[in-house]
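Any value given below was found using the heavy atoms of this structure, including those in side chains, with hydrogens, waters and symmetry copies removed. Every chain is numbered from 1, with letters handed out A, B, ... down the list of sequences.
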Protein chains: 2
Amino acid sequence: MQDEQRAERRREPLTKDVIVRVSVEILDAAGETGLTFRALATRLHTGAGAIYHHVANKSQLLTAVTDDVVAAALHDRTPPAEPAQAVRILMLDVFDVFDAHPWVGTQLAAEPWQPAVLRVFDRVGTLLDALGVPASAQFDATSTLVHHVLGVAGQYAAAARLAGPGTDRSAFLGAVATRRTTQGGADAFPFLDRFATTFADHDDRAQFRAGVDVILAGIATLR
Amino acid sequence: MQDEQRAERRREPLTKDVIVRVSVEILDAAGETGLTFRALATRLHTGAGAIYHHVANKSQLLTAVTDDVVAAALHDRTPPAEPAQAVRILMLDVFDVFDAHPWVGTQLAAEPWQPAVLRVFDRVGTLLDALGVPASAQFDATSTLVHHVLGVAGQYAAAARLAGPGTDRSAFLGAVATRRTTQGGADAFPFLDRFATTFADHDDRAQFRAGVDVILAGIATLR
DNA sequence: ACCTGAACACCGTTCAAGT
DNA sequence: ACCTGAACACCGTTCAAGT
């Protein structure tokens, strides 16, 4: 009986796993600015200082949270036999992580060679090995694909941060198009002007896929 | 006499240009955490609030500072006649901006489609047009190169932020290599393990150049 | 119009005090 | 050993008061 009351008043024991899980919930719901140690402590029914018994600091927490989400996304999938297609699917799986958790893009650039990046890097490299890319070119080829996905992730996270939940995306892209033509004369950005009309209804995922295909085509020439 | 004393005590008039210039100095000298409105105000011999008469907020200031540095780097160079070589040189010029100002990498991911990104995008696209890339493939090809450079910029900025002025780079990369093998069993990252020995003395610029070549090879197949 | 600088509403992090 | 929560040393931003 006493144990039951105890169980009611006590929350589940504070562990790093619980902190990481709740952090993901907060980040998904409230974005990058929403995750503070005070908000985390409130949600965990504890004090802000308690978190430091399980996590060294906020930077380490965010690294762990990012790796957790990326690792989960890369787990449950049997890759297709064709290696090039396996690379495409892997890359799109990573892209879809940004779609579900835009804050991941910011965190991947917060620390170099962090676990989540190593994880993706290793998976891509292993597939390129299976694809028959010469050993001497494997590292550079892998690096190209990974940096491409990191670049897209960064822009994607920035867009999500700026857009927020209730912003009109094509209105923003329209504003970008306007800014192009107004600053520095009419022909400041002649190339982009040619694509101004198709800018507003742009498909990020399709563009990312096209980029992966371009890089794969380049990798194929290394054979 | 009173006017002379007055003239001594007054600084040059506060303008956005001066604020941007001093911001670059602070960022280069003290890094991203060094740029605060208080530090800026001290250097400008004014109050923190005065800055808001010329700049809307810190985000807008950083966008302006980033565009200023990128624009300066892209100005003074006559491109070679061969378009593919011109792309390589342009990309390396952008890379060298990160080398001189590592904080640029962070800022390029702070806001989507910001002026500095549009600037690079337009230059790359114009060169790819000259290269003979079909119009239907120009946007995707340009996007691939730009996102690659953004991905590298982000990792580069993260490395600089972590390393600081007096840190041993190869020691850090050695630590990364160690972390790989210790977490999650010996074969957690089998691909990376094969490159562990060559990891410490890695040349970021050479790797970036290799990535550009891979993408250019892929773009060539679009012809 | 521009500047001042104290004040406000936050942060991450620390640490004496509790259990 | 783990937790508490006030306190510290910062931030960006605002704004009444000055010139």
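Nearest heavy atom pair, residue A/Arg123 against residue A/Leu90, reads CB-CD2, 3.7 Å. Nearest heavy atom pair, residue A/Ala188 against residue B/Asp122, reads O-OD2, 4.2 Å.
Taking a pair as Watson-Crick or G-U with both hydrogen-bonding distances under 3.5 Å, the stems of three or more pairs touching DNA chain C are C:4-8 with D:12-16, C:12-16 with D:4-8.
You'll find the side chain of B/Gln114 stays beyond 4.5 Å of the side chain of B/Asp67, heavy atoms only. Contact check for A/His148 versus A/Phe208: side-chain heavy atoms found under the 4.5 Å cut-off.
Note that CG of A/Leu14 is 12.0 Å distant from NE2 of A/His45, once rounded to the nearest 0.5 Å. In this structure, CD on A/Gln107 lies 4.0 Å from CG on A/Leu62, to the nearest 0.5 angstrom.
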Atom pairs under 3.5 Å: protein N/O with N/O of nucleotides 16-19 of chain C:
none

Donor-acceptor pairs are to be reported for all side-chain atoms of residues 91-105 of chain B against protein atoms at under 3.5 Å, with residues two or more places apart or in another chain.
from, atom 1, to, atom 2, distance (Å)
B/Asp93, OD1, B/Arg77, NH2, 2.5
B/Asp93, OD2, B/Arg77, NE, 3.1
B/Asp93, OD2, B/Arg77, NH2, 3.4
B/Asp96, OD1, B/Arg205, NE, 2.9
B/Asp96, OD1, B/Arg205, NH2, 3.3
B/Asp96, OD2, B/Arg205, NH2, 2.9
B/Asp99, OD1, B/Tyr156, OH, 2.3
B/His101, ND1, B/Asp28, OD1, 2.7
B/His101, ND1, B/Asp28, OD2, 3.0
B/Trp103, NE1, B/Asp28, OD1, 2.8

Let me check something: any side-chain donor-acceptor pairs from residues 30-42 of chain B under 3.5 Å, sequence neighbours excluded? List them with distances.
from, atom 1, to, atom 2, distance (Å)
B/Glu32, OE1, B/Thr106, OG1, 3.3
B/Glu32, OE1, B/Arg161, NE, 3.1
B/Glu32, OE2, B/Thr106, OG1, 2.9
B/Thr36, OG1, B/Ala39, N, 3.0
B/Thr42, OG1, B/Arg38, O, 2.9

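Between A/His54 and D/dC3 there is a side-chain N or O to OP1 or OP2 distance below 4.0 Å. Considering only side-chain N and O atoms, B/His45 lies nowhere under 4.0 angstrom from the phosphate OP1 or OP2 of C/dC3.
Less than 4.0 Å separates DNA chain D from no heavy atom of any residue of residues 15-26 of chain B.
Side-chain contact, A/Gln138 with A/Asp129: a donor N or O sits under 3.5 Å from an acceptor N or O.
Under the 6.0 Å cut-off for aromatic ring centres, A/Phe121 and A/Phe139 qualify, their centroids lying closer than that.
Spacing between atom CD1 of A/Ile51 and atom C1' of C/dC15 amounts to 16 Å, rounded to whole angstrom units.
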>> Strictly under 4.0 angstrom, non-hydrogen atoms only: write out the protein contact profile of nucleotides 7-14 of chain D, one letter per nucleotide from the 5' end, B, S or -.
In response: B---BBBB
